[in-house]
There are 2 protein chains.
Amino acid sequence: MTTSDRARPRKPRADGERRRASILREAASLATVTGLDGLTIGGLAAATGMSKSGLYAHFGSKEELQLATVAQARRVFDAEVFGPASAAQPGVPRLVALCEAFFAHVEGGTFPGGCFFVGAALEMGTRPGPVRDSIAAFQDELGAVMATAVAAAVERGELSQDEDPQVLAFELNALLVGADAAFVLRGDPAVLEVARAVVRRRLTSPD
Amino acid sequence: MTTSDRARPRKPRADGERRRASILREAASLATVTGLDGLTIGGLAAATGMSKSGLYAHFGSKEELQLATVAQARRVFDAEVFGPASAAQPGVPRLVALCEAFFAHVEGGTFPGGCFFVGAALEMGTRPGPVRDSIAAFQDELGAVMATAVAAAVERGELSQDEDPQVLAFELNALLVGADAAFVLRGDPAVLEVARAVVRRRLTSPD
DNA sequence: CCTACCGATCGGTAGG
DNA sequence: CCTACCGATCGGTAGG
C-alpha cells in the first residue's frame with residue numbers, strides 16, 4: 001500500500017493484460033494440435049514472437065501456463081456454446097441449442113483441433129494433477145448443465161417422465177464427443193450433419 | 001537365397017520376434033498414457049530395460065515404432081473386441097456383443113489410458129501422415145463392421161426398416177467413445193454401466 | 001520484457 | 001543388441 005497505488009488508478013498494466021490474452025488465445029489453439037503437454041514454451045514463444053523468458057514473466061511455469069490455457073478455453077466455450085444455449089428457452093430448446101452451438105463451435109474452426117476439452121480429457125485423464133482436475137471440473141459442469149436442462153424438459157412434459165437426466169446427459173455428451181472425434185479425424189462436415197440429425201430426433205420423437 | 005536359407009528353416013530369429021512383441025505390448029500401453037507422440041524412444045528403452053539403440057535396431061525410426069505400435073493395438077482390439085463380436089449371431093446380438101466387448105476391454109485395464117484408438121484419433125487427427133492414416137483406417141473398419149451389423153439386423157427384422165446403418169453406426173460409435181472418455185477421466189466403472197444400459201435400450205426397444 | 005545460459009532429454013547415428 | 005556420441009530442444013534461471 002504505497003502512495004503510488006492511488007496515484008495511477010487507471011489501466012494498471014492494461015497492455016500486459018491484452019498481451020497475456022493474445023498469448024493465451026494462441027496457446028489454446030496450439031494445444032488443440034500439440035496437446036496440453038506438447039504445448040511447449042519455446043513453441044509458443046515462436047508462435048507469438050516473444051522470447052521464452054518473456055512467457056515465464058507472464059506464467060511462471062509450464063503448469064501455470066497450462067492452467068491459464070484451460071481457463072482461456074473455458075472462456076471461449078462460455079462465449080460460443082454456453083452463451084447461445086442459455087439464451088434459449090429452458091428444456092428441449094436449450095438442449096438443442098447447446099448441441100447446435102457445440103457443433104457450430106467445432107465446425108467453425110475456432111480451434112484447429114476441434115473442441116479443446118474433448119482432446120484435453122483424453123490426454124490428461126491418466127495424468128493426475130491440477131490440470132486434469134480443471135478439465136474434470138469442466139466436464140462435471142457440462143454434465144450438470146445438460147442434466148438440468150433434461151430435468152426441465154421432463155417437468156415441462158417435453159420429454160418422457162421415464163427419461164433419466166443423468167443418462168440422457170451422458171447420451172448427448174457422447175454424441176458431442178463422438179462427433180468432435182470423427183470431425184477432427186476426417187475433416188468432413190457431413191459427420192456433424194449426421195450428429196445434428198441424431199440429436200434432433202432423440203429430443204423430439206417419443207422415447 | 002543362400003544355402004543357409006534352407007539350412008535353418010525353423011524358428012528364424014524366434015527370440016527376436018518374441019522380444020519385439022513384448023516391446024510393442026509395452027509401447028501400446030505407454031502410448032495410451034503419454035500419447036503416440038509422447039511415446040519416447042528413451043522412455044520405452046527404460047520401460048523395457050533396453051538401450052535406445054537396441055530399439056532403433058528393431059524399428060529404425062520413431063515413426064516406424066509408432067506404426068508398429070498401432071498395429072499391435074489393432075491386434076489387441078481384434079482379440080478383445082472384434083473376436084467376441086464375430087462369435088455372436090449377426091444382427092443385434094453381434095452389435096450388443098461388440099459394444100459389451102468394448103466396454104469390457106476398457107474396464108479390464110488392458111491399457112491404462114482406455115481404448116488406444118480413441119486417444120490416438122484425437123491426438124493424431126490434426127497431424128497428417130502415415131500414422132494418422134492408420135488410425136483413420138481402423139476407424140473406417142470399425143464403422144463398416146457396425147454398419148454391416150446394423151444392416152443385418154434390419155434385414156432380420158430386429159431393427160426398424162427406417163434405421164440408417166451409417167447413422168446408427170455413428171450413434172453406437174459415439175457411445176463407445178463417450179464412455180471411454182468419461183471412464184478415463186473419472187475412473188468410475190459406473191459410467192460404463194450407464195453406457196451398457198443405453199446401448200441395450202437403443203438396440204432392443206422400438207425406435 | 002530481453003540475452004545468455006543451465007542440465008536433462010529428444011530423435012538419431014557411428015562403430016562395434 | 002551395446003557404449004558413446006551428435007545437434008536440437010526441453011523447462012527453467014540469472015541478471016538485467
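Note that these values count all heavy atoms, side chains included, but never hydrogens, waters or copies made by symmetry. Residue numbers start from 1 in every chain, and the chains themselves are labelled A, B, ... in the order their sequence lines are given, proteins ahead of strands.
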(request) Considering just the side-chain nitrogens and oxygens of S51(B), establish if one lies under 4.0 Å of OP1 or OP2 belonging to dC2(D). (result) yes
Check nucleotides 8-14 of chain D against the protein and report each pair of N or O atoms closer than 3.5 Å, with its distance, or say if there are none.
from	atom 1	to	atom 2	distance (Å)
dC10(D)	OP1	T40(A)	OG1	3.4
dC10(D)	O3'	T40(A)	OG1	3.4
dG11(D)	OP1	T40(A)	OG1	3.3
dG11(D)	OP1	K62(A)	NZ	2.8
dG11(D)	OP2	T40(A)	OG1	3.4
dG11(D)	OP2	I41(A)	N	3.0
dG11(D)	N7	K52(A)	NZ	3.1
dG11(D)	O6	K52(A)	NZ	3.2
dG12(D)	OP2	Y56(A)	OH	3.3
dG12(D)	OP2	K62(A)	N	2.6
dG12(D)	O6	K52(A)	NZ	3.0

(request) Examine distances only and state if a side-chain atom of E123(B) and a backbone atom of L36(B) form a donor-acceptor pair shorter than 3.5 Å. (result) yes
(request) Look at atom CD of E100(B) and say whether more than 12 heavy atoms of other residues, nucleotides or ligands are closer to it than 6.0 Å. (result) yes
(request) Could you tell me the separation between the NE2 atom of H58(A) and the C1' atom of dC2(C), rounded to a whole number of Å? (result) 13 Å
(message) Regarding E17(A) and R20(A), does a basic nitrogen lie under 4.0 Å from an acidic carboxylate oxygen?
(response) no
(message) On a heavy-atom basis, which atom in Q66(B) and which in V131(B) lie closest, and how many Å separate them?
(response) OE1-CG2, 3.6 Å
(request) Applying side chain to side chain contact (heavy atoms under 4.5 Å, CB included), run through D180(A) and F102(A) and close with a yes or a no. (result) CA-CA 9 Å; D180(A) 179 73; F102(A) 180 89; 4.2 Å; yes
(request) Carefully, step by step, assess L168(B) and L159(B) under the rule side chain to side chain contact (heavy atoms under 4.5 Å, CB included). (result) CA-CA 11 Å; L168(B) 183 47; L159(B) 291 172; 3.8 Å; yes
(request) Using five base pairs at each end, measure the axis-to-axis angle across the helix from dC1(C)-dG16(D) to dG16(C)-dC1(D) and round it to 10 degrees. (result) 10°
(message) Counting only heavy atoms from other residues, nucleotides and ligands, does the tally under 6.0 Å from CD of Q166(B) exceed 12?
(response) no
(message) Quick check: closest heavy atoms across L176(B) and M146(B), and the distance to 0.1 Å?
(response) CD1-CE, 3.5 Å
